[in-house]
Amino acid sequence: MSELSLFEGVSEAVRNGLACALDGGEVGRPDALALANAQGRDLLALMAVADRLRERQAGAVVTYVINRNINFTNVCVKHCTFCAFSRSHREEAGYFLPTEEILR
């Protein structure tokens with residue numbers, strides 16, 4: 001797919017942001033907001049450019065990683081909103097896995 005056909009029917013703000021990204025530039029705030037709110041043809045163009053940029057960086061082969069991290073506890077003292085399963089040390093739902101279970 002050529003870049004001309006990629007941008008056919010795409011709004012100017014989205015086209016500017018995507019062209020900047022394809023050229024390796026930094027996407028400015030107004031264009032980034034347009035990309036974040038992309039719908040319809042704009043969204044299809046965004047996905048196509050994202051795929052093209054991914055392929056440039058990583059090639060055509062897509063892989064995945066099997067996560068082998070063991071969550072030996074759900075007790076956390078940081079109180080951030082990143083994960084949904086953390087509990088404070090005072091909550092009844094908090095747990096620490098026994099060493100035997102971790103090794104198993």
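Note that the structure is a prediction, hence the values are computed from the model and not measured.
At least one side-chain heavy atom of L22 sits under 4.5 Å from a side-chain heavy atom of V49.
Here CG of L97 is found 9.5 Å from CZ of R104. Values are rounded to the nearest 0.5 Å. Residue D31 holds its CG atom at 11.5 Å from CD of E26, rounded to the nearest 0.5 Å.
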Item to complete: Could you walk me through whether L18 and L35 pass side-chain contact (heavy atoms from CB on, under 4.5 Å), step by step?
Response: CA-CA 8 Å; L18 295 178; L35 294 174; 3.6 Å; yes

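Here the closest heavy-atom approach between residue V10 and residue A45 is recorded as CG2-CB, 3.6 Å. The two residues E8 and R41 come nearest to each other via the heavy atoms O-NE, 2.8 Å.
In this structure L43 satisfies the side-chain contact (heavy atoms from CB on, under 4.5 Å) test together with A38, L46, M47, sequence neighbours excluded. Take A34 and apply the side-chain contact (heavy atoms from CB on, under 4.5 Å) test, not counting sequence neighbours, and it matches A13, V14. When the side-chain hydrogen bond (donor to acceptor under 3.5 Å, both in side chains) test is applied to R87, no partner is found at least two apart in sequence or on another chain.
Few gaps surround OH on Y95; more than 12 heavy atoms of other groups in view lie less than 6.0 Å from it. Surrounding CD of E101 are more than 12 heavy atoms belonging to other residues, nucleotides or ligands, all under 6.0 Å away.
Side chains of S11 and D42: a donor on one and an acceptor on the other come within 3.5 Å.
Judged by distance alone, with hydrogens and angles left aside, the side-chain atoms of N67 form a donor-acceptor pair with the main-chain N or O of N69 at under 3.5 Å.
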